[in-house]
J.: 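One structure, as C-alpha cells, below. Some questions next.
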Amino acid sequence: MHCNKCGKELKEGARFCPACGTPVAPVPPTQPAKPAVPQTPQHFNPNPNPQKPSSNVGKIIAIICIPIIGFFLIGLLVFFLIIARPSGEPNNQTVSPTPKPTAKPTAAPATPEPVVRPAIEDSVNQLISSYGVEGSVAVSVLDNITGEQFICAGANEQYAAWGFYLPVYMAFCDRYPGTSSYVEEKQNMLSHDAGKCNTAANFAIDSFGGTDSITSYIRQTLGYSNTRYGRKFGQTNATDDNYTTAYDAAIMLNQFNSLYNSYDLCYNPSSFGIAVPDGASMYAQLGTENISVKNNLNVFAIMHGYSADYSIVILTKNNASGSGIVNAILQTVHTQMEAYAE
C-alpha cells in the first residue's frame, strides 16, 4: 500500500503518511466473490409471438354438440332395429314395401277376370237342361267379397233388359254426383213403384240428350260395352229395345254395391213370384216383358247371406221363366256361394 500524495510505502494500518503527513483513507474490507448463478436454459420457441389462451367458446360448443350427436345416433339405431323392420322378422330377411291403397273409383271398375267354378257352372247348366230351356237363360255370378266373376250359361249373350234401371242411374249419378243434385230423381229411379222409376229414368235419359247419348256414356265412360238403350222406359210402341248381358249386369251390380247402398234397390221379389233362398237377403231390380203373365223374367240382384255376399243376374227369354227355373237357380247358386264363403 502507498501514499496517494508522495508515493511513500505505508505500513499496514497506518493512518498518516510518515513522509508527507497526508491522511491515509481506510481500505474497505474485501468481499468474497459470489458464486456464479447458473442460468436456466432457454428452449427454442418456433412461434416468436405466442397467442393468448383461447376462450371457453369451443368448450361450450363441444358440450352442446356431443349430446345432440349422441341422440341422433341412438335415434338411427332405434329406427333400423324397431321401425324399419316389422315385428318378428329375422335380421336377414328382405322386407317388401307395403303397397299404397288405391282410391275408390267413381266409374266402372276394371273388368274382373272370368272364373269358372265347376260346381256352380255344372249345377246351373244341369238345371237349365233339366228344365228344357237351353239357349233361353243367361246367368252370371260375381263374388262381392273376392271380386271373382263366375261365367255360367249364356252370360255374354245380349238379352232384353226389362226392369234394368241401374245403368241409367249410375250414369246419372256419375254425371251429377253428390247428394244435392237431383235427389228426388235418383231416389225414384230405385223405387219399387214402376211409374216413378219410369219417369225418373226417362228424365235422366233426356238430360243426356236421348237413348243414343246415354248409351255412349254407359259404354265409353262407364265401360259397359254390351249394354245399350233403344227406347225409353214404358214405351211400348218402340221399334227397338234395351239390351244388356248377364256378364255386364253382374259387374254393374258389384260396382253399385261398392259405391252406393245396396239396400236402396227396390225389394219386391214376391210380386214377381220370386222365392228368396233361406238365410239370404235379396236387394234387386226385377223386370218382365209382360207384368201380368211374367213370361220373361229378369233378375238383377245383390244377395247377402250368412257368409256369402254376391251379385247374380238371371236373364230369360222365350217364356223360360214360367218353368220355375229362376227360383231353382237362385237356390242352387246361394247354397254353393255360402259353401265357398265359409
Side-chain angles (χ1 to χ4, degrees), residues 102 104-128 134-161 163-167 169-171 174 218-228 243-262 265 277 280-287 298-316 325-326 328-342:
T102 29
K104 205 173 198 181
T106 56
T111 302
E113 191 68 27
V115 177
V116 174
R117 286 183 177 173
I120 293 179
E121 182 193 39
D122 293 345
S123 298
V124 170
N125 289 340
Q126 288 172 10
L127 277 173
I128 292 173
E134 298 97 327
S136 296
V137 179
V139 182
S140 184
V141 181
L142 199 155
D143 192 323
N144 293 331
I145 299 174
T146 66
E148 295 174 303
Q149 186 168 13
F150 315 116
I151 306 302
C152 300
N156 289 309
E157 182 181 346
Q158 282 193 338
Y159 278 66
F164 198 31
Y165 301 92
L166 201 57
Y169 175 86
M170 294 181 70
D174 190 72
I218 290 169
R219 289 182 167 183
Q220 296 173 15
T221 303
L222 302 186
Y224 304 115
S225 57
N226 292 311
T227 299
R228 72 178 181 88
Y243 293 93
T244 192
T245 63
Y247 180 83
D248 255 18
I251 298 174
M252 224 174 294
L253 284 165
N254 172 264
Q255 180 68 357
F256 177 86
N257 186 59
S258 65
L259 289 178
Y260 307 103
N261 190 346
S262 61
L265 289 176
S281 297
M282 182 180 190
Y283 302 91
Q285 289 192 328
L286 309 170
N298 290 339
V299 176
F300 308 94
I302 295 172
M303 309 288 289
H304 301 304
Y306 294 118
S307 302
D309 187 335
Y310 61 95
S311 301
I312 182 169
V313 177
I314 305 173
L315 306 177
T316 66
I325 185 66
V326 171
I329 291 173
L330 284 173
Q331 184 60 60
T332 298
V333 169
H334 185 73
T335 300
Q336 295 191 16
M337 289 300 291
E338 284 282 25
Y340 279 118
E342 292 176 351

J.: If I take atom CD from residue Q255 and atom CG from residue L222, how far apart are they, to the nearest 0.5 angstrom?
T.: 9.0 Å

J.: Distance from M170 atom CE to T221 atom OG1, nearest 0.5 Å?
T.: 12.5 Å

J.: Does the side chain of F164 come within less than 4.5 Å of Q285's, by heavy atoms?
T.: yes

J.: Show me the donor-acceptor pairs within less than 3.5 Å that the side chains of residues 303-310 make with the rest of the protein, sequence neighbours left out.
T.:
unit_1: H304; atom_1: ND1; unit_2: D309; atom_2: OD1; d: 3.4
unit_1: H304; atom_1: ND1; unit_2: D309; atom_2: OD2; d: 3.3
unit_1: H304; atom_1: NE2; unit_2: S262; atom_2: OG; d: 3.1
unit_1: D309; atom_1: OD1; unit_2: N144; atom_2: ND2; d: 2.9
unit_1: Y310; atom_1: OH; unit_2: H334; atom_2: ND1; d: 2.9

J.: Quick one: does D143's side chain get under 4.5 Å of Y340's, heavy atoms only?
T.: no

J.: State the OG-CG distance between S140 and N254, to the nearest 0.5 angstrom.
T.: 10.5 Å

J.: Which pair of heavy atoms, one from V313 and one from L253, lies closest together, and at what distance?
T.: CG2-CD1, 3.7 Å

J.: Please find the pair of heavy atoms, one from Q336 and one from I120, that lie closest to each other, and give the distance.
T.: OE1-N, 3.0 Å

J.: So, for T227 and P167, which heavy atoms are closest and what is the spacing to 0.1 Å?
T.: CG2-CG, 4.1 Å

J.: For F256 together with Y260, are the ring centres under 6.0 Å from each other?
T.: yes

J.: For N226, does its backbone N or O pair with a side-chain atom of D248 as donor and acceptor, under 3.5 Å?
T.: yes

J.: What is the distance from atom CG of N298 to atom OG1 of T244, rounded to the nearest 0.5 Å?
T.: 9.5 Å

J.: Indicate the atoms forming the closest heavy-atom contact of I218 with A171, along with that distance.
T.: CG1-CB, 4.1 Å

J.: Roughly how far apart are T332 OG1 and D122 CG, rounded to 0.5 Å?
T.: 12.0 Å

J.: Quick one: does L315's side chain get under 4.5 Å of F300's, heavy atoms only?
T.: yes

J.: What do the steps show when you test V333 against I314 for side chain to side chain contact (heavy atoms under 4.5 Å, CB included), and what is the final call?
T.: CA-CA 11 Å; V333 169; I314 305 173; over 6 Å; no

J.: Salt bridge (Lys or Arg N to Asp or Glu O under 4.0 Å) with R219: which residues, sequence neighbours excluded?
T.: none

J.: Kindly write out the residues that satisfy side chain to side chain donor-acceptor pair (under 3.5 Å) with E134, not counting sequence neighbours, or none if the list is empty.
T.: S129

J.: Once you round to the nearest 0.5 Å, how far does CE of M337 lie from OG1 of T335?
T.: 11.5 Å

J.: To check you understand the geometry: which heavy-atom pair defines the closest contact between A138 and G154, and what is its length?
T.: CB-O, 3.1 Å

